[in-house]
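Working notes, beginning with the structure itself.
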Amino acid sequence: VGLQEDESYSLSVLSNKIQINATTDLGALHALETLLQLLQNNGTEFYFPAVEISDTPRFGWRGLMLDVSRHFFTKEEVKKYIDEMARYKYNLLHWHLTDDEGWRIEIKKYPLLTSVSSVRKETMVGHYRDQKFDNKPYGGFYTQDEIKEVIAYASKKFITIIPEIEMPGHAMAALAAYPELGCSKGPYEVGVKWGVYDDVFCPTEQTFSFLEDVLTEVIALFPSNYVHIGGDECPKVSWKNSPFCQELIKKEGLKDEH
């Protein structure tokens, strides 16, 4: 959506008419958004200034990222975000659905991801160096039906949603529900402060099966050609201290845990 279509349009505001020319519905939608931005009010009446516009995007990929792991947004708030994206002609929403501080998408095969991983016991407040917390449980998640609803809403605005499922780092929320996926086997808890945690997914066959199951459900939901899996900010501490990982390094002829 969007990336495969002609987004160009022309817009003429004359004294007696407004004319829009576009070869696609998407181009026409962009023209309407521009027209709304041109609307003026002089105190007694609304009017459009006379203008000639010929517009085409410089970049095919124009995205914004929304992190609902650390700060949860309801589906209605996400729709409002999508409205604003359409207004400014963005066409890709990077939906950051999982992280250390919360897992926000229902995975039917792993129900603990919503009952356990979606809630942290408290949240950091103030500056990181203060190490202060609010002592208030915080959570939220989207059912798969809600995910479908938001995707359909975005599609009407010609916006494609790209989901992010973090791995192998930023996995504390998932490990809190399924500690067997970590190298130390826990116990773990959903992250309560911003930053990077040393505990990450352990590269066992069980972990890969879990991730494949999760991605299978995610891919079935989202029409995007891409799923973002993060891959950054993954400390190697737990792999360095894991007998399993060290043996795996030898078995596969790897240089080290990196």
Side-chain angles (χ1 to χ4, degrees), residues 65-75 77-78 93-125 133-151 161-222 227-235 237-239 242:
M65 193 268 278
L66 183 63
D67 179 351
V68 296
S69 176
R70 295 174 179 87
H71 305 287
F72 183 71
F73 290 80
T74 67
K75 68 174 183 179
E77 289 171 325
V78 177
L93 170 57
H94 185 121
W95 205 359
H96 187 72
L97 291 164
T98 76
D99 211 299
D100 292 310
E101 295 81 13
W103 185 286
R104 306 296 179 209
I105 178 173
E106 176 190 26
I107 302 298
K108 294 185 182 297
K109 191 166 185 178
Y110 298 97
L112 295 183
L113 289 174
T114 45
S115 64
V116 174
S117 303
S118 70
V119 181
R120 59 178 180 260
K121 68 179 183 181
E122 59 185 0
T123 301
M124 173 173 277
V125 293
F133 303 88
D134 61 8
N135 298 311
K136 298 176 183 178
Y138 184 94
F141 68 91
Y142 309 101
T143 66
Q144 291 198 5
D145 285 341
E146 288 175 323
I147 294 281
K148 292 175 183 177
E149 182 181 333
V150 173
I151 291 171
I161 300 179
I162 298 175
E164 179 174 358
I165 307 297
E166 281 268 22
M167 64 181 83
H170 290 289
M172 284 288 288
L175 295 179
Y178 297 98
E180 63 272 18
L181 302 178
C183 288
S184 72
K185 310 307 178 188
Y188 307 103
E189 67 173 16
V190 181
V192 299
K193 58 185 178 181
W194 325 130
V196 180
Y197 290 82
D198 286 339
D199 288 306
V200 301
F201 284 123
C202 203
T204 63
E205 289 303 317
Q206 186 175 14
T207 295
F208 289 121
S209 294
F210 167 82
L211 293 173
E212 287 177 3
D213 290 340
V214 167
L215 289 175
T216 295
E217 293 193 31
V218 170
I219 290 167
L221 285 171
F222 289 87
V227 174
H228 184 221
I229 59 172
D232 63 333
E233 296 181 325
C234 180
V237 176
S238 64
W239 296 346
S242 164

Rounded to the nearest 0.5 Å, what's the gap from OH on Y197 to CD on E233? Could you check?
12.5 Å
V78 vs E146, side-chain contact (heavy atoms from CB on, under 4.5 Å): CA-CA, chis, key distance, verdict:
CA-CA 11 Å; V78 177; E146 288 175 323; over 6 Å; no
Can we say E149 and K75 salt-bridge, meaning some charged N sits less than 4.0 Å from an Asp/Glu carboxylate O?
yes
Tell me, with the steps shown, if T98 and S69 meet side-chain contact (heavy atoms from CB on, under 4.5 Å).
CA-CA 6 Å; T98 76; S69 176; 5.8 Å; no
Find out whether I147 and I161 are in side-chain contact, i.e. whether some heavy atom of one side chain is under 4.5 Å from a heavy atom of the other.
no
Please confirm whether the ring centroid of F72 lies under 6.0 Å from the ring centroid of Y142.
yes
Taking the side chain as every heavy atom from C-beta outward, state whether T123 and V192 have any pair of such atoms under 4.5 Å apart.
no
Taking the side chain as every heavy atom from C-beta outward, state whether V218 and P163 have any atom pair closer than 4.5 Å.
yes
Carboxylate-amine/guanidinium proximity below 4.0 Å for E106 and K108
yes
Under 6.0 Å between ring centres: does that hold for H71 and W194?
yes
Please assess I107 against W103 for the test side-chain contact (heavy atoms from CB on, under 4.5 Å), listing each intermediate value before the final yes or no.
CA-CA 10 Å; I107 302 298; W103 185 286; 4.0 Å; yes
Around atom NZ of K185, are there more than 12 heavy atoms from other residues, nucleotides or ligands closer than 6.0 Å?
yes
Give the intermediate values and the outcome of salt bridge (Lys or Arg N to Asp or Glu O under 4.0 Å) for residues E101 and R70.
CA-CA 6 Å; E101 295 81 13; R70 295 174 179 87; 3.5 Å; yes
is_close_aromatic(W95, F73), centroid dist under 6.0 Å:
no
With no hydrogens and no angle check, is any side-chain donor or acceptor of D100 less than 3.5 Å from a backbone partner on M172?
yes
For the pair E122 and K136, find out whether any cationic side-chain nitrogen is under 4.0 Å from an anionic carboxylate oxygen.
no
R104 (side chain) donor-acceptor with F141 (main chain) under 3.5 angstrom:
no
Tell me, with the steps shown, if L181 and L211 meet side-chain contact (heavy atoms from CB on, under 4.5 Å).
CA-CA 10 Å; L181 302 178; L211 293 173; over 6 Å; no
With a 3.5 Å cut-off and no angle check, do the side chains of T114 and Y110 form a donor-acceptor pair?
no
Beyond-backbone contact of V227 with F222, side-chain heavy atoms, under 4.5 angstrom
no
Can you tell if the side chain of L97 reaches within under 4.5 Å of the side chain of V68, non-hydrogen atoms only?
yes
